[in-house]
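By convention in this document, chain letters (A, B, ...) are assigned in the order of the sequence lines, proteins followed by strands, and residues within each chain are numbered from 1.
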Amino acid sequence: MAGPEVGGVSDADALAELAVRRGFYFGAAGAYGGVAGFYTFGPQGAALKRNVEEAWRETFTTRLGNEEIAGPTVMPEAVFEASGHLDGFDDMLVACAECGESHRADHLVEDETDVEDAESLPVPEVENLVADHGIACPDCGAALAGRSVEEFNLMFETTIGPGDGESGYLRPETAQAIFVEFPRLKEYARTQLPFGVTQIGPAYRNEISPRRGIVRTREFTQAELEQFVDPADDDPPLETVADVELCLYPGDEQEREGGAYLTRTVREAVEEGVVESAWVAYFLGVAREWYDRIGVDGDRLRFRQHLAGERAHYASDCWDAESEVGGGVDAATLAADPTAGRWIEIAGFSDRGAYDLSKHAEYGDEPFTIFRQYGEPREVERTTVDPDMSVLGPEYGSRATDVAEALRALAERDPSAFDDESVTVTVDGESVTVASDVANVSVETVTEAGEHVRPHVVEPSFGVDRTVYTLLAHGYREDEVDGEPRTSLALSPAVAPTAVGVFPLVSNDEALVDLAESVARSLRAAGLSVTYDESGNIGRRYRRQDEVGTPLCVTVDHEGREGDGPATVTVRDRDTTAQVRLPAAELADRLTAVVDGDRTFAALREAGAAVE
RNA sequence: GCGCCGUUGGUCCAGUGGUAGGACAUUAGCUUCCCAAGCUAAUAGCCCGGGUUCGAUUCCCGGACGGCGCACCA
């Protein structure tokens, strides 16, 4: 990788090497030449990813009181027609031979000719149109005739059922699987807003150019929460995160020369209007705390607002969580200009408004609304029209229903029009005048119990793979112990693939081996993920665990078996290499407390006998 | 998708028109009372296809994969 190097290798390279060597992740199907954009998570990576997902679930599903579903990854074409994702499907790109710039061929044709819907034309026809009309590159003016037009699919297409079947697509985001089920999901939420539905699972995008390991892939895992809120009523429980500090990078700061970050609490961000949507600000606060818990370095985390041109078709406002993952800029440069560095998007917080549910209401068979009952039923005056069809029918024949419809529309618009003797409406561009009493207009007082509202959606959407990458990048350490270099991963116990390594101090002593094996068994029985290792020597085993981020190692030595008292063992901390001696019988409880984050190793060390 | 560069055991590298060598890692045995120690041995590799050649891991062409830049990332 280009850029300044640290210690002979840039850290992104070192990380990529560690990921492969230690089984975090590697390119899939290597035996067949590999396939770009697809990765296999090895034993360590799969465990880490699983733990990240579990931690996310704990926060965004359980703690927030939401419900999780699991939808299909393949859905019929109509879903994506409605969602707007299909609009991008037929995009056609043509690259200029002179300047190399790519342009939307269909847009050029629409601009330069009287063809209106070039997007729906077959590729060869668009190529011909480009040639026949002498369309030139908008940037450099070179002729584009003869250049091939490439179809550009970001969604993976497939066929549902045998033969030609029905066209289906692999979902490009997990969100749609939630939106399309809204009519049922609202029932499970007892038709009460606000409510949130989460989903963790794979999404697929046929990227033109996947890059940089698991940062940009064609299959990736999303963890998404769709929060359905009443646009008029609902406020987030802001007080729970009001004092959480956020590093914010709003649009105007990005566009300003020398723009900088703003540090604001969630409450300040809302009060000052830095973040417009209180719901978005609320989720930024929840996310900030979550990132802290799983081990994202707060100094290398920021929330950046999307610029207007950057926003997705569905978003009215969007903030991304971005992490700095190194590999391009050294620490000094970063200190001088925090906005330098290699930032990757790890989550997006969108205000999707009513976009998705409106679209599905339009294309689907359900209204995608929720009925909000009033506290008190309301008496409402409503103008009703019940045209006398026995008069309109003979008079207007097949146009009678259109006339009736026009009368209803007019009544809704302007009830007073029926005050006169006769009333005139326009049907198919023709004026029709009928006697007012034929329309049978009456004003009734009706009782309304509530109204149908279309919820708005606020969506925190997390990229799990990139979060995993961030944890590796932020946890990566190269240091020295007793003059020997050491590589370690400072992963939070909350997500570390292995919680505890258990070793006998030496392997040629049966008593130590037996005790170590029984310690490993008891810790596993207590629900901890444990690695047992007796190969090589103790130092090598510590190093192995350091490299995969195991926070604690238990070593069984002779000293712990001497005397009349119960057996004791030593516990070593990954980050400090400090040790403490504890009774073997208490291990499971003590270590579980550390792994669960209820206790620190330092506290454990104060309570026990420190080992020098 | 375009351009530049690259691809040798699991990892990192050396090397060659006559099919390869190291380091680390791994495994087995010995040793070892706290941080990658030592000894012995073992396992394991030239990305794929085509061409040139008596012979290609090496040279040429194409592809795949990877890195970077451009474009793309709803």
Side-chain angles (χ1 to χ4, degrees), chain A residues 1-3 8-10 12-14 16-23 26-38 42 80 83-89 91 93-97 99-104 147-155 172-173 205-213 215-218 220 306 309-315 318 327-328 344-345 348 350 480-488 503-509 512 535-547 553 555-562 569-570 572 574 577-579 581 611-612:
Chain A
M1 181 171 293
V9 218
S10 72
D13 284 343
E17 193 262 328
L18 178 66
V20 172
R21 188 162 47 81
R22 286 300 185 191
F26 49 90
Y32 291 89
V35 52
F38 293 91
F80 299 111
S83 72
H85 288 96
L86 207 57
D87 283 348
F89 173 69
D91 282 3
L93 294 182
V94 59
C96 173
C99 65
E101 200 68 23
S102 284
H103 302 283
R104 288 277 296 266
R147 299 292 295 165
S148 66
V149 169
E150 303 290 340
E151 209 164 8
F152 171 65
N153 293 355
L154 211 51
M155 281 200 289
E173 59 172 5
R205 293 182 193 177
N206 203 356
E207 299 283 355
I208 297 173
S209 174
R211 286 284 166 85
R212 291 170 53 205
V215 170
R216 185 126 161 254
T217 56
R218 290 185 164 130
F220 53 101
H306 273 199
E310 213 178 339
R311 282 199 290 268
H313 61 266
Y314 51 71
C318 183
I344 59 170
E345 174 192 346
S350 298
E480 251 184 36
V481 171
D482 297 341
E484 296 288 341
R486 183 177 81 122
T487 302
S488 65
F503 328 124
L505 184 58
V506 292
S507 55
N508 62 353
D509 182 320
L512 290 190
S535 81
N537 61 59
I538 190 70
R540 180 182 298 240
R541 295 177 223 144
Y542 284 146
R543 292 291 199 272
R544 262 192 205 121
Q545 295 309 313
D546 287 342
E547 277 199 331
C553 287
T555 298
V556 175
D557 60 359
H558 273 122
E559 197 183 327
R561 301 188 63 259
E562 283 162 0
V569 298
T570 63
R572 168 202 184 255
R574 174 196 61 210
T577 75
Q579 287 179 277
R581 181 169 293 281
V611 178
E612 297 312 323

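- Take Glu17(A) and apply the salt bridge (charged side-chain N to carboxylate O under 4.0 Å, His left out) test, not counting sequence neighbours, and it matches Arg21(A).
- In this structure, Glu484(A) atom CD and C34(B) atom P are separated by 15 Å, rounded to whole Å.
- For Pro172(A) against Phe80(A), the heavy-atom pair with the smallest separation is CD-CE2, 3.4 Å.
- Residue Gln545(A) is out of contact with every strand shown, counting any heavy-atom pair closer than 4.0 Å.
- For the C1' atoms, the distance from A20(B) to G9(B) is 11 Å, rounded to whole Å.
- The CD1 atom of Ile538(A) sits 17 Å away from the P atom of G38(B) (whole-angstrom rounding).
- OP1 or OP2 of A37(B) has at least one side-chain nitrogen or oxygen of Asn537(A) nearer than 4.0 Å.
- Put simply, the side chain of Arg543(A) never gets that close to the backbone of Thr487(A): no donor and acceptor are under 3.5 Å apart.
- Nucleic acid contact for Asn508(A): base, since at least one base atom lies under 4.0 Å from a heavy atom of the residue.
- Take Glu345(A) and apply the salt bridge (charged side-chain N to carboxylate O under 4.0 Å, His left out) test, not counting sequence neighbours, and it matches no residue.
- Put simply, the side chain of Arg218(A) gets close to the backbone of Ala36(A): a donor and an acceptor are under 3.5 Å apart.
- Across the protein-nucleic acid pair, Leu505(A) atom CG and U31(B) atom P stand 15 Å apart, rounded to whole Å.
- Taking atom C1' in both G6(B) and G63(B), one finds a spacing of 15 Å when rounded to whole Å.
- For the P atoms, the distance linking U7(B) with C13(B) amounts to 10 Å, nearest Å.
- Nucleic acid contact for Arg216(A): base, since at least one base atom lies under 4.0 Å from a heavy atom of the residue.
- For Arg572(A), the salt bridge (charged side-chain N to carboxylate O under 4.0 Å, His left out) partners are Asp546(A), not counting sequence neighbours.
- Here the separation of G17(B) from A25(B), taken at their C1' atoms, is 33 Å to the nearest Å.
- Map Glu17(A) and Glu547(A) each onto its nearest nucleotide of RNA chain B; the residue landing nearer the 5' end is Glu17(A).
- For Arg205(A) and C73(B), a side-chain-to-base donor-acceptor distance below 3.5 Å is absent, hydrogens and geometry of angles not being considered.
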Item to check | Per-nucleotide pairing state of RNA chain B [Watson-Crick or G-U, under 3.5 Å; [ ] pseudoknot-crossing; | other strand] | outcome: (((((((..((((....[..)))).(((((.......)))))....(((((..]....))))))))))))....

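- A donor and an acceptor atom sit less than 3.5 Å apart, one in the side chain of Gln579(A) and one in the base of C34(B).
- Nucleic acid contact class of Gly42(A) (heavy atoms, under 4.0 Å, all strands): none.
- Between the CZ atom of Arg212(A) and the P atom of C68(B) there is a distance of 6 Å, rounded to whole Å.
- In the interface, the side chain of Thr570(A) is paired with the base of C34(B) through a donor and an acceptor atom under 3.5 Å apart.
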Give every pair of a protein N or O atom and an N or O atom of nucleotides 24-28 of chain B that lie under 3.5 Å apart, one pair per line with the distance.
unit_1, atom_1, unit_2, atom_2, d
U26(B), OP1, Arg544(A), NE, 2.7
U26(B), OP1, Arg544(A), NH2, 2.3
U26(B), OP2, Arg540(A), NH1, 2.6

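- Arg544(A) pairs by the salt bridge (charged side-chain N to carboxylate O under 4.0 Å, His left out) definition with Asp533(A), not counting sequence neighbours.
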